[in-house]
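In what follows, a structure is listed as structure tokens, so that the remarks can point back to it.
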Amino acid sequence: MDRHQINRWTIVTGFALTLASFGATAQDGRMSISVGGEYSTGDYGTAQKTRIWTFPVAFKYESEQFSVGVSVPFVNVDGPGTVVPSGMGQAGGMRTSAFSPGDRSEFGIGDVLLTGSYRLSQESPRGPRIDLVGKVKLGTGDREDHLGTGEDELAIQVDLEKTFGGTTLFGSLGYRMPDDPPGVNFHNVFYGSVGLGFNVSDQTTLGFALNMQDNLLPGTESPRDLTFFIRNKLNNAQRMTVYVSRGLSDGSPDWVVGVMMKFYP
């Protein structure tokens, strides 16, 4: 493990200890633990399929005004080595200009994601809820095993949400700033999403979202996909979300299926 990797894990440890202190002293907020599994497959404009399994473990502290979280993914990548996990909490993979001849299957820790959000405006009859969100992706995924780019990354986004009876309109707009791994020249890009959620009961919400992003790598297609989800409140301490995504361009995986369980201790 090189010096940069040690520094990254020092940051993760410090962030986790901060979350633990929030949880121990929280008065108006609460901690949550999320675990899940996701499978994606696609060729991303290449001649071969890449299959990615992701198993994230996430810790989050949420209050009325702000939230902070850390997500550690365990990843299995099976493919030619031209695609790595997307990172930044996005599903599936993304192309790089690196090439490793022949199929290979690698498993390990992917890129750790640190997030924080601050509520700029509460939802009101005249306006939506507005959150300012910051993301830091640490390049903890092994570059040689194609579990990540090996580089850190920043993103900033604005989330909006407005409820109309039993229907919720939501969306986001962000700007992603990746570092360049050796031999790769990524662009800074805009990304965004827009979707609707429908409360079919007090416990269940159905919805969909259209997700878009500019192309990070010159000469590749911009990712676009349509995601359908079911979110179910099992009880006061457990939530379950099941989702399916269909890629709408060669920049996205063909299919993504996943499930996430969220627990409030």
Charged N to carboxylate O under 4.0 angstrom, Glu62 versus Lys262? yes
Heavy-atom closest pair, residues Ser117 and Ser67: OG-OG, 2.6 Å
The reported gap from CG in Asp179 to CG in Asn188 (rounded to nearest 0.5 angstrom) is 9.0 Å
Nearest-0.5 Å distance, CG of residue Asn232 to CG of residue Leu206: 9.5 Å
Counting only pairs under 3.5 Å, give me each side-chain donor-acceptor contact of residues 251-260, with atom names and distances, residues two or more places apart or in other chains.
residue, atom, partner, partner atom, Å
Ser252, OG, Arg224, N, 2.8
Ser252, OG, Arg224, O, 2.9
Asp254, OD2, Lys49, NZ, 2.4

Residues Asp180 and Phe186: closest non-hydrogen pair is OD1-N, 2.9 Å
Walk me through whether Glu221 and Tyr44 qualify under side chain to side chain donor-acceptor pair (under 3.5 Å). CA-CA 8 Å; Glu221 284 199 36; Tyr44 303 91; over 6 Å; no
Mind running side chain to side chain donor-acceptor pair (under 3.5 Å) on Arg176 and Gln90 for me, showing each step along the way? CA-CA 12 Å; Arg176 184 172 178 178; Gln90 297 182 358; 3.1 Å; yes
With side-chain contact (heavy atoms from CB on, under 4.5 Å) as the criterion, how do Glu153 and Met88 come out once you've worked through the C-alpha distance, each side chain's angles and the decisive distance to 0.1 Å? CA-CA 8 Å; Glu153 186 173 341; Met88 281 298 179; 3.5 Å; yes
Asp131 bridged to Arg129 by N-O distance under 4.0 Å: yes
How about Asp43 and Asp250: do any of their side-chain heavy atoms sit closer than 4.5 Å? yes
Does any non-hydrogen side-chain atom of Pro178 lie less than 4.5 Å from one of Thr149? no
Output, in order, the C-alpha distance, side-chain angles, deciding distance and verdict of salt bridge (Lys or Arg N to Asp or Glu O under 4.0 Å) for Glu38 and Arg51. CA-CA 11 Å; Glu38 177 185 282; Arg51 294 161 292 279; over 6 Å; no
Any donor-acceptor N/O pair, Thr204 side chain to Ser201 backbone, under 3.5 Å: no
Nearest non-hydrogen partners of Thr54 and Pro73, listed with the distance: CG2-CB, 3.9 Å
For atom CG of Asn235, is the number of surrounding heavy atoms from other residues, nucleotides or ligands below 6.0 Å larger than 12? yes
Is the side chain of Ser86 donor-acceptor paired with the backbone N or O of Gly93 at a distance under 3.5 Å, no angle test? yes
Show every donor-acceptor pair shorter than 3.5 Å between a side-chain atom in residues 162-169 and any protein atom, with sequence neighbours excluded, or say none if there are none.
residue, atom, partner, partner atom, Å
Lys162, NZ, Ser124, O, 3.4
Thr163, OG1, Thr168, OG1, 3.4

Donor-acceptor contact present, side-chain His146 to main-chain Gly81, <3.5 Å: yes
Is the gap between the ring centers of Phe66 and Tyr118 under 6.0 Å? no
Beyond-backbone contact of Pro181 with Arg143, side-chain heavy atoms, under 4.5 angstrom: yes
Dump the intermediate steps for side-chain contact (heavy atoms from CB on, under 4.5 Å) on Leu217 and Val184, then the final yes or no. CA-CA 8 Å; Leu217 188 66; Val184 181; 3.9 Å; yes
Passing candidate, side-chain contact (heavy atoms from CB on, under 4.5 Å) with Thr227, options Asn211, Leu210, Val244: Asn211
So do Val77 and Leu147 actually touch side chain to side chain, heavy atoms under 4.5 Å? yes
When rounded to the nearest 0.5 angstrom, what distance separates CG in Leu114 from CG in Leu138? 4.5 Å
Separation of Phe170 CZ from Leu160 CG (nearest 0.5 Å): 12.0 Å
Grab the two heavy atoms, one from Phe263 and one from Pro265, that are nearest each other, plus how far apart they are. O-CD, 3.5 Å
Which pair of non-hydrogen atoms, one from Ala155 and one from Tyr191, has the smallest distance, and what is that distance? CB-OH, 3.8 Å
Evaluate side chain to side chain donor-acceptor pair (under 3.5 Å) for Asp214 paired with Ser222, printing each intermediate quantity in order. CA-CA 5 Å; Asp214 291 335; Ser222 299; 4.8 Å; no
Would you say Gln157 and Lys135 are linked by a side-chain donor-acceptor pair, where the criterion is simply a distance under 3.5 Å? yes
Quick one: are Val70 and Val112 in side-chain contact, heavy atoms under 4.5 Å? yes
In Å, rounded to the nearest 0.5 Å, how long is the span from CD of Glu106 to CD of Glu144? 10.0 Å
Heavy-atom distance under 4.5 Å between the side chains of Phe208 and Phe229, does that happen here? no
Hey, are the side chains of Pro218 and His187 touching, using non-hydrogen atoms and a 4.5 Å cut-off? yes
To check you understand the geometry: which heavy-atom pair defines the closest contact between Asp225 and Gly247, and what is its length? CB-CA, 4.1 Å
Is there a continuous path of hydrophobic side-chain contacts, each under 4.5 Å between heavy atoms, that joins Met212 to Phe228? yes
With the 4.5 Å side-chain cut-off for hydrophobic clustering, are Tyr39 and Met261 part of the same group? yes
Taking the side chain as every heavy atom from C-beta outward, state whether Pro128 and Glu123 have any pair of such atoms under 4.5 Å apart. no
Would you check, one step at a time, whether the test side-chain contact (heavy atoms from CB on, under 4.5 Å) holds for Met94 with Val83? CA-CA 5 Å; Met94 64 181 185; Val83 174; 5.8 Å; no
Report the residue from Thr50, Asn76, Val75 that forms a side-chain contact (heavy atoms from CB on, under 4.5 Å) with Pro85. Val75
Same cluster (ILVMFWY, side-chain, under 4.5 Å), Leu173 and Leu120: no
I need the Thr96 OG1 to Leu216 CG distance, nearest 0.5 Å. 11.0 Å
Cluster question for you: counting only ILVMFWY and a side-chain heavy-atom cut-off of under 4.5 Å, with indirect links fine, are Tyr61 and Leu132 together? yes
With hydrophobic residues grouped by side-chain heavy-atom distances under 4.5 Å, do Ile156 and Leu113 end up in a single group? no
Quick one: list whatever passes salt bridge (Lys or Arg N to Asp or Glu O under 4.0 Å) with Asp111, sequence neighbours left out. Lys137
